[in-house]
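To keep things clear, I will list the structure first and then write my remarks on it.
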2 protein chains.
Amino acid sequence: MARTQGSRAHITGPLIRDTARRLFARHGYAAVSMRQIAAAVGVQAGALYAYTPDKQALLRDLLDSHMQDLLDAWRDDPGAAPLARLERFVRFHIAFSLDHPDAVFLSYMELRNLEPANFARITALRGRYEAALEAILRDGVAAGAMRIEDPKLTTLALIAMLTGVTNWYREGGRLDRDRIVQIYWGLARGAVGA
Amino acid sequence: MARTQGSRAHITGPLIRDTARRLFARHGYAAVSMRQIAAAVGVQAGALYAYTPDKQALLRDLLDSHMQDLLDAWRDDPGAAPLARLERFVRFHIAFSLDHPDAVFLSYMELRNLEPANFARITALRGRYEAALEAILRDGVAAGAMRIEDPKLTTLALIAMLTGVTNWYREGGRLDRDRIVQIYWGLARGAVGA
DNA sequence: GTCTATAAATTGATAGAC
DNA sequence: GTCTATCAATTTATAGAC
């Protein structure tokens, strides 16, 4: 018989987050019940509430920590050439997206299910990430290394293009990661007129 | 007092579809109840079932008719120069996306809530649309008018980039539609090496 | 920390009157 | 075609035992 009692707090906490992230990404926040999460984790529904005050907080924490991780992981080198910085950004964004596909998917799919205060917080973090790319583009224009009509729109367009890899990438598919980065870098370089 | 009885079938049918599309796009399919749709339409929940056998059929019909509309609306001119065809595609895709933002959003957001048979059908229609762009890119490469490393990936990348306008466009914003098309066409043209 | 049990509300869908 | 009323299942969240 399986365990029916006893504490496993050291693994249950992270497991709840991992499980919720996967199920939310696959079926949508509203479509996944706390009972489904609990069943996949291997606990009863009531046990979840020792880790999160409610379902909304679970979603907010997932999106919040994802955006924090993303911002912490990106390190620009303002001293390098703008084109080299852009290439690094392309490589970073694709790698991060493929390493955390569920979190990336969630963070732009479930914004609408956040309460206003949480929505504002996540949107602000996203704005900081976009500003990081926009700064590269503006420096590239200033240095004469890029030709860009509208840096703000180009930022959004490039991020949408790069994030799109999560929609079709499958491990072991036709193209490996380096090849994908190479192709997208060619597209991005052309788009900025370099 | 408001009407509490009587048939208004000629307007209720389309109204249910319009309302469901808007609410599904805003809050997500699973998050919207049949009662909420009915209330927004101005009927009681039971009345909806005179128009749709169930909630799933309502979603399927919305996605199906959107993809049909999209395919019907796009008319390529295989005799024209590849770059001119691509420019027309960019203009068309952006215009269609901004004219039907909810339908576009739904059609790539709620695929996961379709039953397998419905999912396969919608995905096949989407494949036909992608093939239309890919044909232009291949012709452009063959004619020496474009330099593209991978036409398939470039197709997906361009569509993701163009569809992204629905994420930030607001009527009466900083840029009008013609200007947006102009900017995105510049990005697309550069991306394909023209 | 986890369980069992349950409260209170909401869900998709149906039946039958008009 | 629409309404009212309702069923059966499911939902989030809580209370109290262990």
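What you see is a predicted model; the values in this text were computed from it and never measured. Numbered from 1 within each chain, the chains take letters A, B, ... in sequence-line order.
Counting all heavy atoms, side chain and backbone alike, B:Q56 lies closest to B:N113 at NE2-O, 3.1 Å.
Salt bridge annotation for A:R88-A:D77: absent, with no cationic side-chain nitrogen under 4.0 angstrom from a carboxylate oxygen.
Here D:dT2 presents its C1' atom at 11 Å from CG of B:L48, a figure rounded to the nearest Å. Counting to the nearest Å, the P atom of C:dG16 and the OH atom of B:Y49 are 18 Å from each other. One can place CG of A:L15 at 10 Å from P of C:dT2, the figure rounded to the nearest angstrom.
Comparing D:dG1, C:dG1, C:dC3 by their nearest atom to the side chain of A:Y51 picks out C:dG1. Which of D:dT2, D:dT4, C:dC3 sits closest to the side chain of B:Q44 comes down to D:dT4. For B:A50, counting side-chain heavy atoms from C-beta on, the closest listed nucleotide (D:dC3, C:dA13, D:dG1) is D:dG1.
Using a 4.0 Å cut-off on heavy atoms, the residues of residues 24-38 of chain B that approach DNA chain C are B:V32, B:S33, B:M34, B:R35, listed by number.
In terms of the side chain to side chain donor-acceptor pair (under 3.5 Å) criterion, residue partners of B:Q182 (sequence neighbours excluded) are, by chain and number, B:R179.
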Chi angles and distances behind the salt bridge (charged side-chain N to carboxylate O under 4.0 Å, His left out) call for A:D64, A:R121: CA-CA 8 Å; A:D64 196 72; A:R121 175 172 170 77; 2.6 Å; yes
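With rounding to the nearest 0.5 Å, the separation of CG in B:L153 from CD1 in B:I148 is 11.0 Å.
The phosphate of D:dG1 has neither OP1 nor OP2 within less than 4.0 Å of any side-chain N or O from B:T12.
The other residues sharing a hydrophobic cluster with B:F105 are A:F105, A:Y108, A:M109, B:Y108, B:M109, where clustering joins ILVMFWY side chains under 4.5 Å apart.
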